**Student:** 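The structure's right below; bear with me while I get my questions together.
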Amino acid sequence: MKIALSKSAACVGALILMTFLSLWRLPQNAQGVVWAEDGAVFLTDALAPDQAFTPLRPYSGYLHLVPRLAAGFVVRFLRLEHFGIGLTVLACLAVAGICLLTYHCASGISNNRWIRAAWGAIPLVVNVGAMETLGNFANLHWYLLWLAPWLLMKPAKSKLEGGLLFVVAALTSLTEIISVVFVPLFLYKIRHKNMWPARAGLGLGLACQAYATLRRPRGAAGHYDLDPLSVVYGWFLNTAGPIVHGSPAKVMQQIVNFGAAPMIVAALVVLAGIAAVLILGTRSEKWLAVFFATASVVIWAACVLSNPAQYLDYATFSTADWKQFFVFGRYSVAPTMFVLAIVPLLASAVAKFGKTAPFAVLTGFSLLAVSMYFPGTTATDNGPDWAEHVSIGRDLCGTVPETEFYDIPTSPTFFEGRVRIPCDVLRAP
């Protein structure tokens, strides 16, 4: 009993600490900012008095269960002016939970707690995450996509754990339709019954996603003839680029100044890590290295090919295009995390050389993680601050009698998202 209580206390303490560390990655003026769809879609639907709030309501062709649950929670339990900071903290709490679940589920493939901790830390420290994805629910699905295979590779050791794996896997697939790419993992230890709770949950969610997509298909994306080489170039730019060079501005400037050479060096670093595991690792470690690399490539290709755009057409970029268009966006997050996962795997592969070798690899990984922790910039740096606009709306509704509502803007400004708040709501105590 005492052991169970101490483990529970440790989990709660770790969750609080990692939530704080996630939140600390966001500059103060980026906290309390409501992201595009979080406001214009999820909060708006949760606030709508003439509609029954339905967590399973599709948007843009598929389901977003977790963001809708979060929006419903803040509307139900928080004051209006606290919606922004509430969503930010809850999103950081969700990332912290994903870190803990990664650590826990990694026990299915490794007994080394330090290696598992390194895998668990990746969602917390990946640099591209803080630029656009961290602190909001509209982009939480990239972290859930990272979590999906870990759930599928974890055997349930009890009914309670099986229930947890089922629920989390269902929440994952009911939020991220691209988790369908991990269905082939159902074949992993297919005869082991304790592997199936997570698979049942993921399958249930994907079935609901398929129904929602067929019933309300996604609108056609704008047609753009993407050069096929851009998919290949883009994967290296958006995985090796963040890991080796850090910021999109640095990658852009190095390409403008030196051409492809800096990215070739970065790509060789990533490929060398994969090759090292394939040469030194055990059969299972080699399989995992191929899996992580394949997952990274497939997710990147799926995102880019389903949403082709000029800013992703790297093969056709001129010098002016690099300066105008190049960024690390949300599509970079999951592919980069899966590439980073190869580094702790390398630590396992070099264990045959003694205790010093894994320690050296994990020390290098820790230094890389620390260098990634503080982002150079985030998409929400310039607001708009939710609480400030609630105050403006209240003043307007109180001083201009004919005012019926106030539109609170969301971030980024180019999305032009708004949350329409009636003056009756703004005036409420």
Side-chain angles (χ1 to χ4, degrees), residues 14 18 98-129 146-155 182 185 188-189 235-236 238-246 262-300 332-373:
M18 286 189 288
I98 289 169
C99 291
L100 279 181
L101 283 167
T102 302
Y103 171 81
H104 174 72
C105 292
S107 65
I109 58 177
S110 176
N111 293 322
N112 188 307
R113 292 189 177 186
W114 294 106
I115 291 174
R116 290 164 53 199
W119 279 325
I122 287 174
L124 176 66
V125 301
V126 62
N127 51 1
V128 285
W146 154 265
L147 180 62
W150 299 99
L151 297 168
L152 296 175
M153 292 188 288
K154 177 66 174 73
F182 295 115
L185 273 180
Y188 175 70
K189 297 183 178 180
W235 181 75
F236 286 105
N238 287 274
T239 55
I243 292 170
V244 176
H245 296 296
M263 279 311 306
I264 291 174
V265 172
L268 289 174
V269 170
V270 168
L271 294 175
I274 298 172
V277 178
L278 294 178
I279 293 169
L280 302 173
T282 63
R283 183 178 179 182
S284 62
E285 289 163 351
K286 292 175 181 179
W287 179 87
L288 281 170
V290 172
F291 170 74
F292 289 147
T294 302
S296 178
V297 171
V298 169
I299 291 169
W300 170 258
S332 308
V333 178
T336 300
M337 287 194 287
F338 281 109
V339 171
L340 283 171
I342 294 170
V343 182
L345 190 60
L346 178 60
S348 178
V350 300
K352 64 179 71 175
F353 300 112
K355 295 181 179 180
T356 304
F359 176 78
V361 173
L362 290 176
T363 299
F365 177 81
S366 300
L367 294 173
L368 175 63
V370 170
S371 73
M372 285 185 163
Y373 180 79

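Fair warning: this is a prediction, and the values are worked out from it, not measured in the lab. Hydrogens, waters and symmetry mates play no part in the numbers below; they use all other heavy atoms, side chains included.
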**Student:** Taking atom CE of M372 and atom CG of L368, what is their separation to the nearest 0.5 Å?
**Tutor:**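 That separation rounds to 4.5 Å.
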
**Student:** Tell me the closest heavy-atom pair linking P358 and A351, and the distance in Å.
**Tutor:**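 It is CG-CA, 3.5 Å.
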
**Student:** Let me check something: any side-chain donor-acceptor pairs from residues 263-270 under 3.5 Å, sequence neighbours excluded? List them with distances.
**Tutor:**
none

**Student:** Any idea which heavy atoms bring W150 and F292 closest together, and the distance?
**Tutor:**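 Smallest heavy-atom distance, with atoms named: CH2-CZ, 3.7 Å.
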
**Student:** Please test I122 against F365 for side-chain contact (heavy atoms from CB on, under 4.5 Å), starting from the C-alpha separation and ending with a verdict.
**Tutor:** CA-CA 10 Å; I122 287 174; F365 177 81; 3.7 Å; yes

**Student:** Please report the closest heavy-atom contact between G281 and A349, naming both atoms and the distance.
**Tutor:**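 Closest approach of G281 to A349: CA-CB, 3.8 Å.
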
**Student:** Can you name the residues that form a ring-ring contact (aromatic ring centres under 6.0 Å, His included) with W287, not counting sequence neighbours?
**Tutor:**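 W287 satisfies ring-ring contact (aromatic ring centres under 6.0 Å, His included) with Y188, F291 once adjacent residues are dropped.
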
**Student:** Calculate, to the nearest 0.5 Å, the distance between atoms CG and CG belonging to L362 and L367 respectively.
**Tutor:**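 Rounded to the nearest 0.5 Å, the CG-CG separation comes to 11.0 Å.
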
**Student:** Output, in order, the C-alpha distance, side-chain angles, deciding distance and verdict of side-chain contact (heavy atoms from CB on, under 4.5 Å) for L271 and F236.
**Tutor:** CA-CA 10 Å; L271 294 175; F236 286 105; 4.3 Å; yes

**Student:** Could you tell me which non-hydrogen atom of L100 sits nearest to which non-hydrogen atom of A14, and how far apart they are?
**Tutor:**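 For L100 versus A14, the nearest heavy atoms are CD2-CB, 3.9 Å.
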
**Student:** Mind checking side chain to side chain contact (heavy atoms under 4.5 Å, CB included) for F353 and listing every partner two or more places apart, or none if nothing turns up?
**Tutor:**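 For F353, the residues satisfying side chain to side chain contact (heavy atoms under 4.5 Å, CB included) (neighbours in sequence not counted) are L280, V350, A357.
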
**Student:** With rounding to the nearest 0.5 angstrom, report the OG to CG distance, S348 to N112.
**Tutor:**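 CG of N112 is found 7.0 Å from OG of S348.
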
**Student:** Specify the closest pair of heavy atoms between K286 and L278, including all atoms of both residues, with the distance to one decimal.
**Tutor:**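 Taking K286 first and L278 second, the nearest heavy atoms are CE-O, 2.8 Å.
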
**Student:** Keeping R116 on the side-chain end and Y103 on the backbone end, is there a donor-acceptor pair under 3.5 Å?
**Tutor:**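 Judged by distance alone, yes, a pair lies under 3.5 Å.
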
**Student:** When rounded to the nearest 0.5 angstrom, what is the spacing between CG in L147 and SG in C105?
**Tutor:**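 If I round to the nearest 0.5 Å, the distance is 6.0 Å.
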
**Student:** When you measure from the side chain of H245 to the backbone of A240, do you find a donor-acceptor pair of N or O atoms at a distance under 3.5 Å?
**Tutor:**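 Not at all, since once roles are kept as given, no pair shorter than 3.5 Å links the two residues.
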
**Student:** For a quick test of reading the model, state the closest non-hydrogen atom pair linking A295 to F182 and the distance between them.
**Tutor:**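 Looking at all heavy atoms of both residues, the closest pair is CB-CE2, 3.9 Å.
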
**Student:** Taking atom OG of S371 and atom CG of N127, what is their separation to the nearest 0.5 Å?
**Tutor:**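 Answer for the OG-CG pair, S371 versus N127, is 7.5 Å.
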
**Student:** Listed by chain and number, what are the side chain to side chain donor-acceptor pair (under 3.5 Å) partners of T239, not counting sequence neighbours?
**Tutor:**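 With sequence neighbours excluded, T239 shows a side chain to side chain donor-acceptor pair (under 3.5 Å) to no residue whatsoever.
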
**Student:** Can you tell me if S110 uses its side chain to pair, donor with acceptor, with the backbone of A106 under 3.5 Å?
**Tutor:**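 No, because the side chain of S110 does not come within donor-acceptor range (under 3.5 Å) of the backbone of A106.
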
**Student:** Determine whether M153 and L288 make a side-chain contact, defined as any pair of heavy atoms from C-beta on separated by less than 4.5 Å.
**Tutor:**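 A side-chain contact under 4.5 Å exists here.
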
**Student:** Tell me, please, which residues at least two apart from W235 pass side chain to side chain donor-acceptor pair (under 3.5 Å).
**Tutor:**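 Residues passing side chain to side chain donor-acceptor pair (under 3.5 Å) with W235: S296.
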
**Student:** Output the distance between atom OG1 (T363) and atom CH2 (W114), rounded to the nearest 0.5 Å.
**Tutor:**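 Rounded to the nearest 0.5 Å, the OG1-CH2 separation comes out at 10.0 Å.
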
**Student:** Scan the side chains in residues 336-346 for donor-acceptor partners under 3.5 Å anywhere in the protein, sequence neighbours excluded, and list what turns up.
**Tutor:**
residue	atom	partner	partner atom	Å
T336	OG1	N238	O	2.7
T336	OG1	S332	O	2.7

